[in-house]
Amino acid sequence: MKYLLEITPFWKLIAEGGEIYSIGEMVLFKGNDGVDVGKIIGPPIEEEKAGEILRPLHSDDFIKLEDLKEYEELCLIEFRNAVREFNLNMKVVYAHCQFDEERVIFYFTADKKMKFRKLHRYISQKLNKRIVIKQIGARDFARYCGGVGPCGRKICCASFLGDLKSISLRMARRQNIFLSPSKLSGICGKLLCCLNFEEDFYADFQKTKIALEQDIDEEESEEY
């Protein structure tokens with residue numbers, strides 16, 4: 001069977017296993033970049049396979065995970081120090097050390113696309129590991145941190161939204177919402193995800209309205 005695994009809050013992949021696993025179960029898997037740990041979060045939406053589930057975690061594996069968490073904290077400290085040293089305008093968010101300890105992945109967010117070749121070389125030598133540095137968007141960062149939206153409820157991306165679709169001002173105009181972009185933005189600074197919730201309804205309504213107006217025009221022209 002194929003399963004969707006979550007390795008970090010920003011990284012999911014599909015893996016196949018010979019046994020039946022439950023949602024929430026932690027498993028050891030082998031991917032293209034080595035052996036790591038993932039949590040089963042559901043069946044895959046797509047069919048493409050990117051890993052192979054080896055087995056469920058044993059008690060010793062959980063002990064190692066705790067040790068890796070401590071190492072990840074040290075990696076975060078070194079990475080933040082390096083970011084300050086190179087004077088880069090980026091916010092360090094998360095660090096993940098692969099279970100086989102072959103690779104460390106750093107996640108950061110920034111207002112614009114960043115170049116960090118010197119930083120990558122420096123931190124690779126400092127930690128003596130294969131290093132991957134990934135930039136995440138403002139909406140992914142908000143989902144990770146969580147928070148309360150202008151409606152007073154927990155933000156949608158951190159509670160139930162699985163897929164973050166693109167949002168445009170056209171959606172607001174179609175729903176007759178005429179406010180400044182700042183008043184239509186969430187805590188991430190991007191347009192509110194909820195603008196997309198009724199988009200299909202308003203799009204269909206607009207098409208029906210146009211079709212009805214065309215029919216009326218045709219009837220009036222025939223009568224004339």
Side-chain angles (χ1 to χ4, degrees), residues 4-14 23 38-46 48 50 72-73 75-77 79-80 82-84 86-96 104-117 119-120 123 131-207 209-210:
L4 182 62
L5 306 183
E6 181 182 84
I7 298 89
T8 75
F10 318 104
W11 177 25
K12 299 178 180 64
L13 61 74
I14 297 170
I23 293 178
K39 181 173 71 172
I40 294 177
I41 58 175
I45 299 174
E46 302 172 355
E48 185 177 353
E72 288 166 353
E73 290 296 325
C75 290
L76 275 175
I77 294 172
F79 191 69
R80 289 193 177 105
V83 167
R84 284 194 292 268
F86 285 96
N87 196 28
L88 294 172
N89 190 20
M90 59 170 63
K91 182 178 181 63
V92 182
V93 177
Y94 194 88
H96 171 71
V104 177
I105 305 172
F106 292 102
Y107 297 90
F108 75 93
T109 185
D111 293 333
K112 59 182 180 179
K113 191 172 182 179
M114 304 288 294
K115 295 182 179 179
F116 40 80
R117 185 175 299 175
L119 173 66
H120 187 279
I123 201 67
I131 298 297
V132 177
I133 302 175
K134 294 186 176 183
Q135 184 169 355
I136 62 172
R139 296 170 77 192
D140 290 310
F141 179 56
R143 168 188 275 181
Y144 172 65
C145 293
V148 177
C151 60
R153 299 173 65 90
K154 185 177 180 180
I155 54 176
C156 301
C157 60
S159 53
F160 66 88
L161 273 186
D163 184 23
L164 299 180
K165 298 180 179 179
S166 60
I167 311 295
S168 67
L169 279 174
R170 172 183 54 81
M171 296 178 177
R173 288 194 293 267
R174 180 176 283 169
Q175 298 173 40
N176 292 324
I177 302 174
F178 298 101
L179 296 172
S180 64
S182 62
K183 293 184 178 180
L184 288 174
S185 300
I187 61 175
C188 60
K190 304 296 183 181
L191 290 172
L192 291 164
C193 292
C194 55
L195 289 173
N196 187 55
F197 293 170
E198 298 180 356
E199 171 64 12
D200 292 340
F201 168 79
Y202 280 94
D204 291 340
F205 175 78
Q206 190 71 17
K207 291 178 182 178
K209 181 181 177 183
I210 293 173

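Bear in mind that the values here come from a model prediction, so they are computed numbers and not experimental data. What you see below is based on every heavy atom in this structure, not just the backbone, and it leaves out hydrogens, waters and symmetry mates.
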*Could you pull out the closest heavy-atom pair between Val132 and His120, with the gap in Å?*
N-NE2, 4.5 Å
*asked:* Looking at every heavy atom in both Cys75 and Phe106, which two are closest together, and how far apart are they?
replied: O-CE2, 3.5 Å
*Taking side-chain contact (heavy atoms from CB on, under 4.5 Å) as the test, write out the residues that go with Gln135, two or more places apart.*
Phe108, Ala110, Lys113, Met114
*Is there a side-chain contact between Phe116 and Val83 (heavy atoms, below 4.5 Å)?*
no
*Looking at residues at least two apart in the chain, or sitting in another chain, which of them share a side-chain contact (heavy atoms from CB on, under 4.5 Å) with Ala50?*
Leu13
*Locate the shortest heavy-atom distance separating Cys157 from Arg139; write the atom from each residue and the value.*
SG-O, 4.3 Å
*Answer yes or no: is there a side-chain heavy-atom contact under 4.5 Å between Leu88 and Leu119?*
yes
*Would you check if Ile41 and Lys12 make a side-chain contact, meaning some heavy-atom pair closer than 4.5 Å?*
yes
*asked:* Ring centres under 6.0 Å, that's the criterion: do Tyr144 and Tyr94 meet it?
replied: yes
*For the residue pair Phe10 and Asp140, what are the closest heavy atoms and their distance?*
CE2-O, 3.8 Å
*Heavy-atom side-chain contact between Ile40 and Leu4 under 4.5 Å*: no
_Any non-hydrogen side-chain atom of Val93 less than 4.5 Å from a side-chain atom of Ile136?_
yes
*Which atoms form the tightest heavy-atom contact between Ala142 and Ile187, and what is the distance?*
CB-CG1, 4.5 Å
*Under the side chain to side chain contact (heavy atoms under 4.5 Å, CB included) rule, what do Ile7 and His96 come out as? Steps first, then yes or no, please.*
CA-CA 9 Å; Ile7 298 89; His96 171 71; 3.5 Å; yes
*Side-chain contact test, heavy atoms from C-beta onward, threshold under 4.5 Å: evaluate it for Pro150 versus Leu192 and give yes or no.*
yes
*Is Leu76 close to Val92 at the side-chain level, that is, under 4.5 Å between some pair of heavy atoms?*
yes
*What is the minimum heavy-atom distance between Ile155 and Gly149, and which atoms define it?*
CG2-N, 3.6 Å
*Atom CZ in Arg143, atom SG in Cys193: separation rounded to 0.5 Å?*
8.5 Å
*Should the heavy atoms of other residues, nucleotides or ligands under 6.0 Å from NZ of Lys39 be counted, would the total exceed 12?*
no
*Who are the side-chain contact (heavy atoms from CB on, under 4.5 Å) partners of Leu169, not counting sequence neighbours?*
Arg173, Pro181, Leu184, Leu191
